[in-house]
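Below, read A as the first sequence line, B as the second, and so on, with proteins coming before strands; counting in each chain starts at 1.
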2 protein chains.
Amino acid sequence: MVRLSKRVEYGLIAIRDIASRTGGDLVTAKEISDRYGIPYDLLAKVLQRLSKAGLITSHQGVRGGYALTVDPRQVQVSAIIHAIEGTTPVIAQCLSDGPTSCDVFNVCTIKSPLTKVQANIERAFRTMTLAEIV
Amino acid sequence: MVRLSKRVEYGLIAIRDIASRTGGDLVTAKEISDRYGIPYDLLAKVLQRLSKAGLITSHQGVRGGYALTVDPRQVQVSAIIHAIEGTTPVIAQCLSDGPTSCDVFNVCTIKSPLTKVQANIERAFRTMTLAEIV
DNA sequence: GTAACTCGGACTCTATTGGTCGTATATCAA
DNA sequence: TTGATATACGACCAATAGAGTCCGAGTTAC
Ligand code: SF4
Ligand code: SF4
């Protein structure tokens, strides 16, 4: 409950690793997988998502790999999470999927307080940048 | 991901309802279940947890039900959640289950940043009291 | 051409969650 | 005393989401 997915954790570890490399040399998925003991296939897909979102670039083929494209000080953690999960972490279903997603919606008395908590959490992820976790 | 359980939502709705009653009359689980369209059995168990934690008192038998025992301004939302789930919402497994719970622990580079986010979230739940959601 | 990469979907397995059921127990009022 | 109305509690089932695997591609350097 209220737990980050492993995908996100792996993604954060990975992008942090990529960001920490000085110079423009590429890092392969296997390399990261080995260094941290993260399942290769899982990590690979996470990296693909990050690349698709434009946070890192991918280079296929021999001597390929990944590299950071953005300024670590500019990219916020919430953007990384969104790139990986396709959505922002939401505390209650109705906050992301709309009124029809919960059949208690119209009598629900806790929506607005929860919205405040939600805003709080979002801010926490938005104000923290990649540079801060390197 | 990072979602509150239905149990917690139902519990918050229920305790808010109980708290909103003026006078000391009891509220039955069925009553709340009907008013909000919450599954009876599920709600019942949540109320039992709240009662076991001392946040509300239970009275069995005919004309029984539940009543609030604490000052709404004193009880924080985090206490309610803890009563229901038996634990505090934690963003990463290692933060609750210790180093051995994650086999990436010793090479994990994101523990300390996540701890900050965690503190943030905890504060959000701790600073919000029952009185604020009534 | 081939080795070393990324790409992307389909797939399985497992844990968590949401919800149900059955039964026991307490209380009150007729 | 009996029966209706409550909570108490554990076992159970069903649905969903999560973690992890597999495989058959495309790409590029050498
Ligand atoms: S409506 Fe209330 S109960 Fe339903 S998801 Fe939104 S917050 Fe939770
Ligand atoms: S060690 Fe790192 S990866 Fe493992 S649970 Fe804690 S934060 Fe997540």
Would you kindly give the [atom1]-to-[atom2] distance between [X] and [N], to the nearest whole Å?
| X | N | atom1 | atom2 | answer |
| --- | --- | --- | --- | --- |
| B/Leu50 | D/dA8 | CG | P | 11 Å |
| B/Lys45 | D/dC13 | NZ | P | 14 Å |
| B/Arg49 | C/dG19 | CZ | C1' | 13 Å |
| B/Leu26 | D/dT5 | CG | P | 17 Å |
| A/Gln93 | D/dA15 | CD | P | 17 Å |
| B/Tyr66 | D/dT5 | OH | P | 17 Å |
| B/Ile32 | D/dA6 | CD1 | P | 13 Å |
| B/Glu31 | D/dT7 | CD | C1' | 14 Å |

Check every atom of [options] against the side chain of [X] and return the nucleotide holding the closest atom.
| X | options | answer |
| --- | --- | --- |
| A/Pro39 | C/dG19, D/dG20, D/dA8 | D/dG20 |
| B/Gln48 | C/dT17, C/dT20, D/dA8 | D/dA8 |
| A/Ser5 | D/dA19, D/dC9, D/dC22 | D/dA19 |
| A/Met1 | C/dT17, C/dA10, C/dC7 | C/dT17 |
| B/Leu42 | C/dG18, D/dG20, C/dT6 | C/dG18 |

*Does any donor atom in the side chain of B/Asp17 or B/Tyr36 lie under 3.5 Å from an acceptor atom in the other side chain?*
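Short answer, yes.
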*Going by atom types only, do A/Ser5 and A/Glu85 share a side-chain donor-acceptor pair under 3.5 Å?*
yes
Over all strands shown, is [X] touching base, sugar-phosphate only, or nothing at heavy-atom distances under 4.0 angstrom?
| X | value |
| --- | --- |
| B/Lys30 | nothing |
| B/Tyr10 | sugar-phosphate |
| B/Arg63 | nothing |
| A/Ala29 | sugar-phosphate |

*Does B/Leu4 or A/Lys52 map to a spot on DNA chain C nearer the 5' end, using the closest nucleotide for each?*
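By nearest-heavy-atom nucleotide position, the 5'-most residue is A/Lys52.
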*When you check the gap from the basic side-chain N to the acidic O, do B/Lys111 and A/Glu9 get nearer than 4.0 Å?*
no
*asked:* Counting only heavy atoms not in A/Arg63 (residues, nucleotides, ligands), do more than 12 fall under 6.0 Å from its CZ?
replied: no
*Is it the case that more than 12 heavy atoms not belonging to B/Arg21 sit under 6.0 Å from its CZ atom?*
yes
_Along DNA chain D (nearest heavy atom to each residue), the more 5'-positioned of B/Gly65 and B/Val62_ = B/Val62
*On DNA chain D, nearest-nucleotide positions of A/Asp41 versus A/His59: which is more 5'?*
A/Asp41
*So, is B/Ser58 close to the D/dA6 phosphate, meaning a side-chain N or O under 4.0 Å from OP1 or OP2?*
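So the side-chain polar atoms of B/Ser58 never come under 4.0 Å of the phosphate oxygens OP1 or OP2 of D/dA6.
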*Give a yes/no on whether any side-chain N or O of A/Tyr40 is located under 4.0 angstrom from OP1 or OP2 of C/dT6.*
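Answer is yes, contact under 4.0 Å.
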_Counting distance alone, no hydrogens or angles: does the base of C/dT6 have a donor or acceptor under 3.5 Å from a partner atom on the side chain of A/Gln60?_
yes
*Would you check if B/Gln74 and B/Thr129 make a side-chain contact, meaning some heavy-atom pair closer than 4.5 Å?*
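No, their side chains stay 4.5 Å or more apart.
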